[in-house]
**Q** 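Shown below is the structure under consideration.
Because only heavy atoms are used, hydrogens play no part in the values below, and waters and symmetry mates are left out as well, while side chains stay in.
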Amino acid sequence: MSERGTRTAALALGALLALTACSTTTSGDTADTGGAAERTIEVAGQYPIEDLDPHGVQGASAATGLSSKAIFSRLVQPDPDGTIVADLAADWTVNDDATEWVFTLRDDLVFSDGTPVTSADVVASFERLAAGDSPLAPSFANIVATADGDATVVLTAAAPDPALAGKLTQFFVLPASAAADPAAFFADPVGSGPFTVETFVPGEALELARNENYWGDHARVASVRISDIPEMAARLTALRTGEVDLTWGVPDDQLEPLMTADDLVVETVPSTLVYTMWFNSSTPALADTAVRRALWKAVDFETIIATLNPETGEPAKSPVAPVVFGYAPQEPVAYDPEAARAELEAAGFDFAGTPLRLHFSGAQFRPFLQAVVSDLTEIGVPVELLEKEQAVFTEDLLALNWDVNFQQVGAATYDAATNLGRLYPCAAGRNGYCNEDLDAALLEGNTSNDPEVRQDAYRRATEIIWSEAVGMYPMQVKLAYAWRSDLEGVTPDPSGFPNFSTIEIAG
Amino acid sequence: MNPLPETLEAATAAATLPPARPSRPRHLLARVFAAVPFVILGCYLVAAVVGPLLIDYDPVDTPLVDRLLAPGSRTSAGELAVLGTDHLGRDVLAQVVYGARTSVLIGVATVVVASVVGCCVGVIAGYSGGLVDTVLARIMDITLAFPGILLAIVIAGVLDGGAVVVVAALAVSGWIGIARVARGVAVSVRSRPWTDAARMLGVRPARMIVRHVLPFAAGPVVALATVEFALVVLAEAGLSFLGVGLPASTVSWGQTIANGKEYLASAWWISAFAGVALAGLVVSVGLIGDAFTQRYGRGFSR
């Protein structure tokens, strides 16, 4: 009896082994006949993609920027070095005082569903963005878009807007019909980017397929899947096992094992991102400049960066990165806890008051911020570190429902207009800080058509922001990209928006 | 007929064999083994009570220059980091000791809340019978249908973190088992002759429950509560691991393990020691629970 059982088991095992062998051979065959090229590139994004709407409330977030770049097109786009080049627009002209911009569209443009891209789509998208609740909307206030024939779009600004071309790199064109029923549209979006949406689960995964109607060079891979693996350890394990092909934003402590792995490539690029920790100046406790400056002085950012981010960061000297137009380096704020404590006492800071709420999103920033909280607690400032889910974080951010806010702020347009010019005027109301001199400097920077005047205006604005401590600007970020060595054509993007269409699988 | 004497003989031999072997050393050994979990639990309790008095630890303070030190290293201040330091330079030994206190406190608080609620509901349901019993028993069944840890995550996630919320979240699923046991005991006891007699004598229901029903429920409930304690400690660590448990300003094994999970390859000691401490506590309490169940779990019906 037992002998027969053993024999049956042996037979079953043999059959199983044979089956496994068969299936291995089969998959091997497919790979040889070009199956590898059809493999989906698995990407683990830095942030979960919550929303595909480039004109929505998530429009300025890195996650939506990444998806928009793959799905939609813009009038103009930035080169990796910051030069503005054509995308949907074949060329454009601007009048002398930078109030009228005329864009001529390419003549071979179609959306992924085959319908042509016309100036009416551009105008409708522009109006949708400017009228919506996107954080980008203020950038396009007071600008009117009109169609002049099917292929020409005229943007007329009420005031001179020399940075408009740069700003337009964040303006994505959707079909005009999208505005009527956005929910239905984004259930199955149609765009003119290199990819189309196959499936999308908010906060989890976005599956892209090559857009065969794309006007430019077609994507080299048939499909790309951007998924969210919130845990960095899991994300990097997935990279090592081959479950994920490409990821970026790898923290310093995890770089070492990746660099030594044979089948992985690791590269860091200086990004446009700067760790930005705004103080909410509309909070009574933080309304006083002396208090804000003292708090900045109380944190030993130099040590924090040297220990936690030796590879992926360096002390920042301005709210914008050096590659951005309008960069003006400032004197670093020196760490001096005794002086900080004394200045806080002199300013009448309430040490026993309600803890300051420090909002952030993204577990990778937790150690950095815990170290910041440690230094602030050291001098007796109570701080409560609150990690928020991305969507909630953005909502709170816009509602000023925080005391200190942490985010990485970039300048996707490589122009200070989108960072300083967009976020710091009183009218923007983003951090509760309001200063007429700053407004005047920003206005000049945002409107003058003379690069030298603009540069000088942003220098003045930077000085005010820095000396008034609108926020703390501790670190300039370098982005670490890691990918499997069988991927070719990966260009680490300083903004964290790698172009998937140039990537292909070797072999 | 022939085999009978043989069988008889064998049976006699078998029957007489065990007493013939020296039983005392084995008995002693068993007792020593049985005592081990109690000793381990005692160590945890001592660590939880005395440890924080001996070791100073502030979870908010992050001496970054001492980060990721291996066990046995010296910190920049010259202190010995017996179990190493974590990614922010905080002492791992201190986290294990303070974590023991957190786990024991949360565990005890949750089990007490769950036991009190469970006993009340269970005994009232079992003793009252009829509609009250039906309603309460169905409520128990419905609550039992939810996965406990999921319910805890939802509650702890929706409400802002804090010890009270964590205790409540864990007690929500913890009371049901106790209530069912208490109800079972109450149903059985209420039909016994002595309860009938007491009822005839005019003893009020409240006194009946306290005097004649609860004492019988105590044994099984204590046995179950011990097992529950182990599960609660584990669940609390789970919640803290997921970041929906205790706030970062309190020390919890779950948080320590979570902090170390990105350093498993380079600094294994962060997660490992907290994990071992957690496993040790859960296993020894579980063994004690088993022992209690064997001894008291059957209640009065022996």
**Q** Within a strict 4.5 Å, meaning less than it, do heavy atoms of the A/Val373 and B/Val60 side chains meet?
**A**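 Yes. Closest side-chain heavy atoms under 4.5 Å.
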
**Q** In Å, rounded to the nearest 0.5 Å, how long is the span from CG of B/Leu64 to CD1 of A/Ile305?
**A**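 With rounding to 0.5 Å, CG (B/Leu64) is 11.0 Å from CD1 (A/Ile305).
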
**Q** Nearest 0.5 angstrom please: A/Thr307 OG1 to B/Arg67 CZ, how far?
**A**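 Here the rounded value is 6.0 Å.
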
**Q** Contact part of A/Glu231 toward chain B, heavy-atom cut-off under 4.5 Å: side chain, backbone, both or neither?
**A**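 The answer is the side chain of A/Glu231.
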
**Q** Chain A heavy atoms under 4.5 Å from B/Leu264: which part of the residue, side chain, backbone, both or neither?
**A**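 For B/Leu264, there is no contact with chain A at all, as no heavy atom is under 4.5 Å.
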
**Q** Identify the two heavy atoms, one from B/Thr62 and one from A/Ser374, that lie closest to each other, and give their separation to 0.1 Å.
**A**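 Minimum heavy-atom contact is N-OG, 2.9 Å.
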
**Q** If you draw a 6.0 Å radius around NZ in A/Lys317, do more than 12 non-hydrogen atoms from other residues or ligands fall strictly inside?
**A**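 No, NZ of A/Lys317 has 12 or fewer neighbouring heavy atoms, counting only those of other groups under 6.0 Å.
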
**Q** Provide the closest heavy-atom pair for A/Ala233 versus B/Lys261 in the form atom of the first, atom of the second, distance.
**A**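 Looking at all heavy atoms of both residues, the closest pair is CB-O, 3.9 Å.
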
**Q** Ignoring hydrogens, what is the shortest heavy-atom contact between B/Asp61 and A/Glu378? Give both atom names and the distance.
**A**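 Closest approach of B/Asp61 to A/Glu378, heavy atoms only: OD1-OE1, 3.6 Å.
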
**Q** Heavy-atom distance under 4.5 Å to chain B: side chain of A/Ile304, backbone, both or neither?
**A**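 Looking at A/Ile304, backbone and side chain both touch chain B.
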
**Q** Taking A/Leu308, A/Asp375, A/Thr377 one by one, which has the highest count of heavy-atom pairs under 4.5 Å against chain B?
**A**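 Greatest number of close heavy-atom pairs with chain B: A/Leu308.
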
**Q** Select one option (side chain, backbone, both, neither) describing which atoms of A/Pro257 are under 4.5 Å from chain B's heavy atoms.
**A**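 Looking at A/Pro257, nothing touches chain B.
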
**Q** Please round to the nearest 0.5 Å and tell me the distance separating atom CD of B/Glu262 and atom OG1 of A/Thr237.
**A**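 Taking CD in B/Glu262 and OG1 in A/Thr237, the distance rounds to 9.5 Å.
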
**Q** CZ of B/Phe146: more than 12 outside heavy atoms within 6.0 angstrom?
**A**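 At most 12 heavy atoms, drawn from other residues, nucleotides or ligands, come within 6.0 Å of this atom.
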
**Q** Who wins among A/Pro367, A/Ala306, A/Ala363, A/Ala234 for the most heavy-atom pairs under 4.5 Å with chain B?
**A**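 Option with the top pair count is A/Pro367.
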
**Q** More than 12 foreign heavy atoms under 6.0 Å from CD of A/Glu345: is that the case here?
**A**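 More than 12 within 6.0 Å, yes.
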
**Q** So, taking the atom named CD in A/Gln370 and the one named CG in B/Asp86, what distance separates them when rounded to the nearest 0.5 Å?
**A**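 Going from the CD atom of A/Gln370 to the CG atom of B/Asp86 covers 8.5 Å.
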
